[in-house]
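These numbers come from the heavy atoms of this one structure, side chains and all, not from hydrogens, waters or symmetry mates.
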Amino acid sequence: MKLNLQDTFNKELPSDPIIENSRRQVSNACYSYVKPKKTKEPKLLHSSAEVQNLLGLTKEDAASDEFLQVFTGNKVFKEMQPYAMCYGGHQFGNWAGQLGDGRAINLGEVEHNNNSWALQLKGAGPTPYSRTADGLAVLRSSIREYLCSEAMFHLGVPTTRALSLSLSGDDVLRDILYNGNPAYEKGAIVTRVAPSFLRFGNYEIFAAREEITTLKTLIDYTINHFYKHLGKPSKQVYLDFFKEVADKTLDMIIHWQRVGFVHGVMNTDNMSILGLSIDYGPYGWLEGYDYNWTPNTTDRQNKRYRYGNQANMGLWNLLKLANAIYPLIEETAPLESVLESYKTDFEKKYHKMMCSKIGLENNFDTDGQLINELENTLHLTETDMTIFFRNLASISINDSSEAAYKKISDAFYDIPKTKENTKTKWLAWIESYLNRLKKETQNDSERKKQMNLVNPKYVLRNYMAQLAIDAADNSDYSLIDQFYQLLKKPYDEQPEFEKWFAKRPEWAKNKVGCSMLSCSS
Ligand code: AMP
Ligand code: MG
C-alpha cells in the first residue's frame, strides 16, 4: 500500500515541545505528537471504495493486512508523524477551555489527483487532550459515524468522509445513560478523511489565551491552504475569509434542514472551518417533522440544538469565531455586517430550498405564506418528513384535493387518530398548493423528477442505525454493508430496498439509540 504523504499541518505549524503522552494544558502550539495505541485484535468491518479512490488506494490495498494495521493505529509508516490537534470550544453556550483531539489522532495528509486529504483515526487511544476520558470509541458510535458521513456525502451535504470501520478487539467501558450502570462494549476505530479537520475552536483557543502570534500563524495557514483564492493574508482577506466561512456554514445548515438532519451537538469545537458536517455523535434524522426535536438526551431540557434552531446556532457559533479572529482585524463593524448578512441570506436560501422541496421553480410573493402554512400544517400531527416530501411529488396537478390528501396522509404516524380539523387544514393547504402549481410548468413528471432530486427517499433513519448496531453486537455485520449500499443512492427509487422507505416502527419510538442518544460514545 502506498500513500503519497505530503504533510503541511505538522510541517508548517508550531508543535507542543513535550513528547510524552500525558494529559495537560498545551500552550502556543497547534498540536502535540502522539502515537496511536496498539490494539489487541483488529478486524476490518467495512471500507468505503469511494474514499479508497480519493486516496489513490485500490481494492487490493484495502484487503491487505497492512491497511488494517495502519488504519487501526498498529502500524505507523516511518514518514508519518501522528498528532492530536489543540482546540477549545463553547459547549452548550459556555466557554469550556481546552478540549482538543481527545480521541482522534491524525496520521498525516495524502495528496492524490491534486487534492489533499487529512487522515484521522477516531478511537485510537489517549492523547494529551483526553482529559478524564480514555481516548477510545465504541462500536455503536463508530457504526453511526461511518455510515452517516458516507450517507451525507451521497445526499450532497458537505461532510467529512470515512475510509474504514474496524473493531479494535479491546473492550471499552461506557455508562450509556450516565446513570451509574457502566458496561463493557466492543471498541472500534473509524478512519475519517477530510481536506482538514480544523474547527472554530482551533482559533478560539488562541484568542482566549491571547496567543495572538499563533492565532495569526494558524489563520494564515488556513487561508494559504484552504482559501487560497482569497489571496495573500491581509486585513481584508481575513474579512473575506470570515465571510466565506459564514456562507459555507449557512449552506451546510440549509442542507441539514433540507434532508432533516439534526446534528445534536453544535458546539464550536464541532464546527468545521470548511463548512463540513463533522463529529457525528448523538445526531438524528427527523421522523415526524418537528422544529423542536433533538436526538441528544443531554440537550432534552433546553433543546438548544433542536432542528428548528440549527441556523440560529450556526450564527451564534460564527459570532464566537468573529470574536476569535477579531485581534487580526480590530474593527467590529465589518464582522458584524457579515453576521447581519447571514440572517438575510438565511431567509433567502431557506426559502429557495423549501420552494425546491415542493417543486416550485419560479418565485412568487405569496410563496412565503404557502411555505409557512405548510410548516404549520406539518406540525399538526406527527408526519414523517421523508415520506411526506417524497409522496408530495406524486401529486398530479389534476388531482382533487381529496386524492392528493390520500397520497400524503400515508406519512402520518397515526392515521386513524388524525383529527377532522387536521384534515380540513390539509385540504385547504393542498388547494392553495394545487392552484400555485398551475402557475408552474404543467408537467407532473418533470416536477416529480426535480423534487425527487432534493427530497431523498432513503436516509439513515434512527432505527436503521440501531438495527445495524444490534446486529453488529451479535457479530452480524451484513446490515452495515446493506445500508452503505442503499445510502449511496438516496434519491433513487431502489425498489429492492423499499422496506426502508417506511415510518419508524413502534418498537423504536422510545428506545435508547433510536429516539434517545447520549454523548457517551
Ligand atoms: P464531542 O462531544 O464528542 O465533540 O467531544 C468533546 C471533547 O471531548 C473533544 O475534545 C473530544 O476529543 C473529547 N472526547 C470525547 N470522547 C472522548 C473519549 N472517549 N476520550 C477522550 N476524549 C474524548
Ligand atoms: Mg467533537
Side-chain angles (χ1 to χ4, degrees), residues 92-93 152 155 157 249-267 270-271 277 281-318 342-358 367-392 408-409 411-414 418-419 421-422 425-426 428-429 433 454-456 459-463 503-504 508-510 514-517:
F92 297 96
M152 290 283 266
L155 283 164
V157 185
T249 303
L250 177 57
D251 290 344
M252 169 187 80
I253 295 171
I254 298 276
H255 278 293
W256 291 356
Q257 301 308 102
R258 172 175 66 83
V259 298
F261 174 79
V262 186
H263 184 285
V265 202
M266 292 177 70
N267 293 335
N270 291 337
M271 297 297 293
S277 314
Y283 67 82
W285 295 83
L286 282 194
E287 285 152 359
Y289 189 85
D290 179 1
Y291 283 161
N292 278 322
W293 189 71
T294 175
N296 185 354
T297 40
T298 319
D299 196 22
R300 269 282 142 98
Q301 283 287 305
N302 297 315
K303 297 191 190 296
R304 181 180 169 86
Y305 298 135
R306 63 192 182 273
Y307 175 65
N309 205 32
Q310 298 196 110
N312 283 336
M313 288 299 101
L315 180 63
W316 194 93
N317 290 335
L318 283 161
Y342 177 103
K343 293 186 206 162
T344 45
D345 290 351
F346 168 72
E347 298 293 335
K348 281 191 229 136
K349 289 179 176 179
Y350 182 77
H351 179 77
K352 193 163 173 231
M353 179 276 286
M354 286 304 287
C355 281
S356 74
K357 282 185 81 67
I358 62 173
D367 289 347
Q369 200 190 340
L370 186 73
I371 287 166
N372 258 329
E373 279 166 11
L374 169 63
E375 290 173 331
N376 292 338
T377 316
L378 277 167
H379 280 88
L380 292 178
T381 186
E382 195 183 10
T383 308
D384 193 273
M385 178 181 180
T386 306
I387 297 178
F388 173 82
F389 284 101
R390 210 57 197 190
N391 286 4
L392 191 69
I408 57 139
S409 59
F412 299 164
Y413 270 86
D414 199 341
T418 306
K419 296 197 188 81
N421 184 28
T422 303
K425 292 205 167 132
W426 269 117
W429 185 81
Y433 179 54
V454 291
N455 296 318
V459 295
L460 183 60
R461 288 174 177 272
N462 310 315
Y463 77 89
K503 284 174 268 189
R504 171 201 66 224
K509 198 167 175 183
N510 296 309
C514 295
S515 61
M516 290 189 286
L517 286 143

Shortest non-hydrogen contact from [X] toward [Y]:
X: Ser277; Y: Val157; value: OG-CG1, 3.8 Å
X: Ser515; Y: Trp293; value: O-CZ2, 4.5 Å
X: Pro295; Y: Val262; value: CD-CG1, 3.6 Å

Kindly indicate whether the side chain of [X], heavy atoms from C-beta on, has any atom under 4.5 Å from the side chain of [Y].
X: Leu315; Y: Phe346; answer: no
X: Leu517; Y: Thr297; answer: no
X: Phe92; Y: Val265; answer: yes
X: Asn317; Y: Thr249; answer: no
X: Tyr283; Y: Leu460; answer: yes

Partners meeting salt bridge (Lys or Arg N to Asp or Glu O under 4.0 Å) with [X] (sequence neighbours left out):
X: Lys343; result: Glu340
X: Asp367; result: Arg436
X: Lys349; result: Asp251

Hey, is Glu382 close enough to Arg504 for a salt bridge, meaning N to O under 4.0 Å? yes
Which residues satisfy the side-chain hydrogen bond (donor to acceptor under 3.5 Å, both in side chains) test with [X], sequence neighbours excluded?
X: Arg258; answer: His255, Tyr491
X: Gln369; answer: Glu373
X: Asn462; answer: Glu287
X: Tyr342; answer: none

Check against side chain to side chain contact (heavy atoms under 4.5 Å, CB included), Ile408 and Trp429: CA-CA 12 Å; Ile408 57 139; Trp429 185 81; over 6 Å; no
Residues in side-chain contact (heavy atoms from CB on, under 4.5 Å) contact with [X], at least two apart in sequence or another chain:
X: Met313; result: Met266, Arg304, Tyr305, Asn309, Trp316
X: Thr386; result: Asp384, Val459, Arg461
X: Ser409; result: Tyr405, Phe412
X: Thr422; result: Leu380, Thr381, Thr418, Lys419, Trp426

How long is the span from the [atom1] atom in [X] to the [atom2] atom in [Y], to the nearest 0.5 Å?
X: Ile253; Y: Tyr350; atom1: CD1; atom2: OH; answer: 13.0 Å
X: Thr383; Y: Met385; atom1: OG1; atom2: CE; answer: 11.5 Å
X: Asp290; Y: Glu375; atom1: CG; atom2: CD; answer: 12.0 Å
X: Tyr289; Y: Thr377; atom1: OH; atom2: OG1; answer: 11.0 Å
X: Ile387; Y: Lys503; atom1: CD1; atom2: NZ; answer: 6.0 Å

Go through it in stages, so that I can follow the logic: the residues are Met252 and Met271, the test is side chain to side chain contact (heavy atoms under 4.5 Å, CB included), and I'd like the CA-CA distance, side-chain angles, deciding distance and then a yes or no. CA-CA 11 Å; Met252 169 187 80; Met271 297 297 293; 4.3 Å; yes
Is it the case that Thr294 and Asn296 place a side-chain donor and acceptor less than 3.5 Å from each other? no
Lys357 and Asn455 side chains, donor-acceptor separation under 3.5 Å: yes
Do Phe261 and Tyr307 have ring centres separated by under 6.0 Å? no
Partners meeting ring-ring contact (aromatic ring centres under 6.0 Å, His included) with Tyr463 (sequence neighbours left out): none
Please assess Gln257 against Met354 for the test side chain to side chain contact (heavy atoms under 4.5 Å, CB included), listing each intermediate value before the final yes or no. CA-CA 9 Å; Gln257 301 308 102; Met354 286 304 287; over 6 Å; no
